[in-house]
Each structure stands twice: as C-alpha cells, then as structure tokens.
Amino acid sequence: MGVSAAMVINLPFDVTYIIDTLEKNGFEAYAVGGCVRDSLRKEIPDDWDVCTSALPGQTAQIFKKHHIIETGLKHGTITLMLRHKPFEITTYRVDGKYKDNRRPETVRFVDVLKRDLARRDFTVNAMAYNPKTGIVDYYGGALDIAEKRIKCVGNPDKRFKEDALRIMRALRFAAVLGYDIEENTANTMIKNRGLLKNIASERISAELNKLLLADNIRRLLAAHLPVLTEILPELEPLIGFEQNSVYHAFDVMEHTLRSVEAAPKDLTIRLAMLFHDIAKPGCYKLSEKGASSFRGHEGVSADMSREILNRLRYDKETSKIVTGLVLCHGIDLDPNHRSVKRWLGKLGETQLRRLLLVKKADNAAKSEHFREKFPDNTAIISTLIDIIIEQQQCFSLKDLAVNGKDLIAAGITDGAQIGKTLNALLEMVVDEKIENDKEKLLKALQESPRFDIDPPPVYN
Ligand code: ATP
Ligand code: MG
C-alpha cells in the first residue's frame, strides 16, 4: 500500500498540461479523487480534479493567461477554464475541527498529500495520480475497487460525526458503483443516522437524486433501510406491510423498491415510484368478508409526496410532476382512441407518457398472477398517442375549432357558461360524436344551446 508506479492512467491533454505547468514552477500536483477512482474502474471520468502544494494565489499567478474562476477560494480551490471545460485545482488541505457535523470551521493548508487524502470520505475516493509518481494509495482504495467495497478512510464513527452527509454519500457511491458497504462502515452509518438532521435538505436531496438514478438500488436500499427512513420517515410503515392480495407478491416496501428499480432512470418517474404507495398502510381496510382494500391511497400518497418534496426543497415543477403521477398511478387506461384522447386532454402528452412508464414499473413489481390477468397495454397506448399526435387529432380546448370569441359572437355572454359549453363541445368531439369543424360545432350549439358540463378536474 502507498505508492505504485506500475499503474498508468491516460490523463487528458489538459490535465497533463496543468500538472506539468505546476511542476515546472516547483510545486507538486496530482489528479485526485473521483477521476482516479473511475480510471481504475476503466470508466471515463466526468471531470478531473487536481490537488497541488501551490497556494491558490500561486496557482492563479501561474495560470494567469487563462480564464480563472475564484468562487471556491476560501476552500483553497480555483477553477481553471481550459477550452471551455472547468478544472478544479485545490491546494492540499486538512480540515479543521468540525462543529455542526458538516462544515470545517477553518481550513488550514498543509504541504502534505497524505493528509489531504486522509480527509477524503472513502478509500476509493482517496487516491491521487501523476505520471512521475504513479498511483498514490495510502488507504487501500485500489483493493477496495477490486473488491467492490465502500469503506471510510480512517475511523467511520469519527468520519460520519465530522460530516453526516457522508452517510448519504456512502449509499450513493455504493448504488452508483454497484458496490457493497463494508460492514463496520455500514453499522456506523446506521448508528449515526440521526445526525443527518443537521444536513441541509438541498444536499440530502442532491445525494438522493444520484442514488435513485443508479442501477441496482433495490438490494442496496433494502440492506440499509434505517438510513432511507431517517430522511423519509413516512416510508417506515411500509416495511413488512402485507398487501393480502393475489395481485401482489411483496409487502409494500419491497414492492416500492422493486418498482423504483423497474422504472427508467428518470428522476421524476423514480421519485413517483418511491412515493406512489406511501399512504397504503394508513388507507388499509379489511372488509367483513376478509377482502383488503387501500381505497383512496393515491390521493393521500400524492398529498404526502407534495409535503415531502417541499420539505426536501425540490423545485415546484418536479413536485407538480411527481405528485400528479402519484395521484394518477391507479387509473385504468383503456387502450382505445377515445379514452387515450380523454387522458391526453386531462394530462397532456408529456405527463401521459410519463404515467405509462409509472404504470409499467408499478405492474412489473406486482405478482405474476396480476401480469397474466392484466397483460401490459402500455405499448399499445403509446402507439395510440403517437397516432393521435401525428394526425393532430383534437383532445384539448386549444385544438377545438371554436373558441370563447366564437361563442360570444353566437350570443353566449356569461363567462362560466362559455367555459361549460366549450368543455361540452370538446367532449363531443373527443367522443367522436361530432367532427371538429367550426360550422358543425356552431350548428350543434344552435340546436341545443345550453350545455352544463363542468371543466374536468385538474390532475396535478
Ligand atoms: P462524482 O463527481 O462522480 O459524483 P466524486 O468522487 O468526484 O464523484 P465529488 O462529490 O465531486 O465526488 O467530490 C470530489 C472528491 O472530494 C471526492 O472524490 C472525495 O475525495 C472528496 N469529497 C467530496 N465530498 C466529501 C465529503 N463530504 N467528505 C470527504 N471527502 C469528500
Ligand atoms: Mg466530482
């Protein structure tokens, strides 16, 4: 363990330039962290970070010909722009005392790479590389990559107490990399999970998002449920909650995790899966005949999702999409033209297509018996959407051949009545009872001038 000159990493041209330039000026410099980890995993890193013995002011001076962004200066970081790509160059550092389980109070610069690596979270993230020295690996990161293991650098209890966000980061890296969490690290995460309450919601949701988009999250989350329920206590009652239904093969939590994993890697869809049945335990009813039901759980789950997403500081748009999907996840979509047009009108194309993905993932996590009885119809519905859109068929008020002005011209002056009439005409068009033709619609209006159909409910 320590330094291994044998291993060669192909550095991008710009990184070689940064390291060479710093070295020519008498400083040490290494590629460090995620880029070394991903190179050893034979993956192409997203971005390359460099650490150096040069102080930020010295680095800035050395690269003064280039565009430099100094936003991270107080943490010793400058961002160097080369050919429109950002490279973070950070002075070696050891963090000072941690107080609020999050941020170092002071950052002292030290001239020692080993101590810089010691403050990093996990062994796989605590390696450095430069062409002269080779891999610098004091904490066994290369072995942990080979054995697919997330393990704290140093004493896990101390490391999680310094910064509780690392608890979420451990889960996230394990999920994204497909690794297990080393036993001592895992037990200590659970022991310290209460400290997550000191972490800003935005930082927790940023980690949750990356975690949710990983490939194999079911097994990982199932193995570390107390961490998940620490940030989402509303999920706790789902654990082991039996559904007593031939349509379900798993308890609500297991079903939930399976549905998340079955969903495509799209954040709104995966969040919707995570929350879609969250109100089931609270809505459970057993009839005298012994039949179980969760009637109304969709609406309550949608309300709970809105509250959770708000608490975790998700943006309004994400919240609207996710709660809308949770609310609609139980509707039966009939694979016929008229029904699809009706749902297109209520939800819009994008949201209806999302709902298909939600239903597919939900069904994939139910019982074999369910799938035999209700074969997947989402592909047919998707094709019907294609046809309706391609043929520009009318399914919403904006496609209708008459508008409010036409109705005013036809003598309807009451605002509420205009709305009701337009919706009634739209429904006739969608039901294919009348053509979407201005003259024909106005004629129908003359024949039966009062329509009393209220606008459809809003599904988000
Ligand atoms: P990716 O960018 O692919 O998510 P990464 O490893 O680059 O992965 P970052 O969050 O960008 O992760 O952090 C860069 C490096 O900084 C990490 O590899 C790790 O060495 C260190 N690091 C980041 N956050 C922490 C933390 N909370 N505690 C300790 N070290 C950290
Ligand atoms: Mg990074």
Side-chain angles (χ1 to χ4, degrees), residues 9 12 15 30-52 71-72 75-80 85-105 107 113-129 135-142 144-145 149-179 181 185 188-189 192 195-196 198-200 202-215 265 267:
I9 289 177
V15 179
Y30 293 84
V32 71
C35 60
V36 179
R37 174 197 72 219
D38 290 339
S39 299
L40 292 192
R41 293 172 54 238
K42 308 205 177 351
E43 295 283 328
I44 296 170
D46 288 333
D47 47 35
W48 292 80
D49 298 329
V50 171
C51 63
T52 178
T71 42
H75 298 291
T77 300
I78 66 158
T79 303
L80 175 64
K85 271 203 75 178
F87 295 89
E88 285 195 353
I89 307 177
T90 306
T91 304
Y92 292 157
R93 66 190 188 195
V94 288
D95 292 338
K97 272 217 170 325
Y98 286 74
K99 205 175 175 187
D100 57 357
N101 311 115
R102 198 166 70 74
R103 192 172 283 152
E105 261 175 68
V107 176
L113 176 61
K114 189 172 177 180
R115 290 186 68 188
D116 178 287
L117 295 175
R119 78 178 174 83
R120 292 173 185 270
D121 46 11
F122 308 111
T123 60
V124 296
N125 288 344
M127 289 178 285
Y129 176 84
I135 302 272
V136 182
D137 176 16
Y138 292 110
Y139 306 103
D144 288 336
I145 286 178
R149 187 161 55 216
I150 296 297
K151 183 177 162 198
C152 282
V153 175
N155 176 335
D157 194 54
K158 193 165 147 257
R159 303 313 310 280
F160 290 130
K161 287 196 162 93
E162 279 170 1
D163 179 0
L165 186 69
R166 291 174 187 152
I167 296 170
M168 287 299 294
R169 284 175 61 86
L171 266 192
R172 186 257 285 193
F173 282 114
V176 172
L177 304 176
Y179 290 8
I181 303 176
T185 299
T188 315
M189 277 163 66
N192 285 302
L195 299 176
L196 280 167
N198 302 334
I199 305 291
E202 292 84 349
R203 304 183 73 210
I204 299 224
S205 46
E207 291 298 332
L208 180 65
N209 293 349
K210 290 183 189 167
L211 172 65
L212 281 177
L213 294 179
D215 272 321
K265 292 188 207 164
L267 186 60

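Order of listing sets the numbers, starting from 1, for every ligand and every atom in it. What you are looking at is a predicted structure, and each value in this text was computed from that prediction instead of being measured.
Of the options E43, E162, E207, R120, the smallest heavy-atom separation from atom 15 (C) of ligand 1 is shown by R120. Compare R172, R169, R37, R166 by their heavy atoms: the one nearest to atom 17 (C) of ligand 1 is in R169.
Of the possible donor and acceptor atoms, one in the side chain of D137 sits under 3.5 Å from a partner among the backbone N and O of A142. Within the 3.5 Å criterion, the main-chain N or O of C152 finds a donor-acceptor partner in the side chain of T185. Between the side chain of R159 and the main chain of R120, a donor-acceptor pair closer than 3.5 Å is present.
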Steps toward salt bridge (Lys or Arg N to Asp or Glu O under 4.0 Å) verdict (D121, R169): CA-CA 9 Å; D121 46 11; R169 284 175 61 86; 2.7 Å; yes

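Proximity to G33 (heavy-atom distance under 4.0 Å) selects the following atoms of ligand 1: 18 (O). For ligand 1, the atoms lying closer than 4.0 Å to a non-hydrogen atom of R119 are 29 (C), 30 (N).
Residue D163 places at least one N or O, backbone or side chain, under 3.5 Å from an N or O of ligand 1. Ligand 1 has no N or O atom lying under 3.5 Å from any N or O atom of D38, backbone or side chain. Ligand 1 has no N or O atom lying under 3.5 Å from any N or O atom of D46, backbone or side chain. Between D49 and ligand 1, not a single N/O pair is under 3.5 Å apart. Polar contact check, N125 against ligand 1: a nitrogen or oxygen pair lies under 3.5 Å apart.
Within the 4.0 Å heavy-atom criterion, neither part of R159 lies near ligand 1. At a 4.0 Å heavy-atom cut-off, ligand 1 does not touch W48 at all.
Checking L117, T52, L113, V32 one by one against Y92, the side-chain contact (heavy atoms from CB on, under 4.5 Å) holds for a single residue, L113.
Residue-ligand proximity: F173 is placed with a non-hydrogen atom under 4.0 Å from ligand 1.
Using the six-membered ring where Trp is involved, F173 and F122 have ring planes that are perpendicular, over 60° apart on the 30 and 60° scheme.
There is no side-chain donor-acceptor pair under 3.5 Å between D157 and T188.
Residues H75 and T90 form no side-chain contact, since every pair of their non-hydrogen atoms from C-beta on lies 4.5 Å or further apart.
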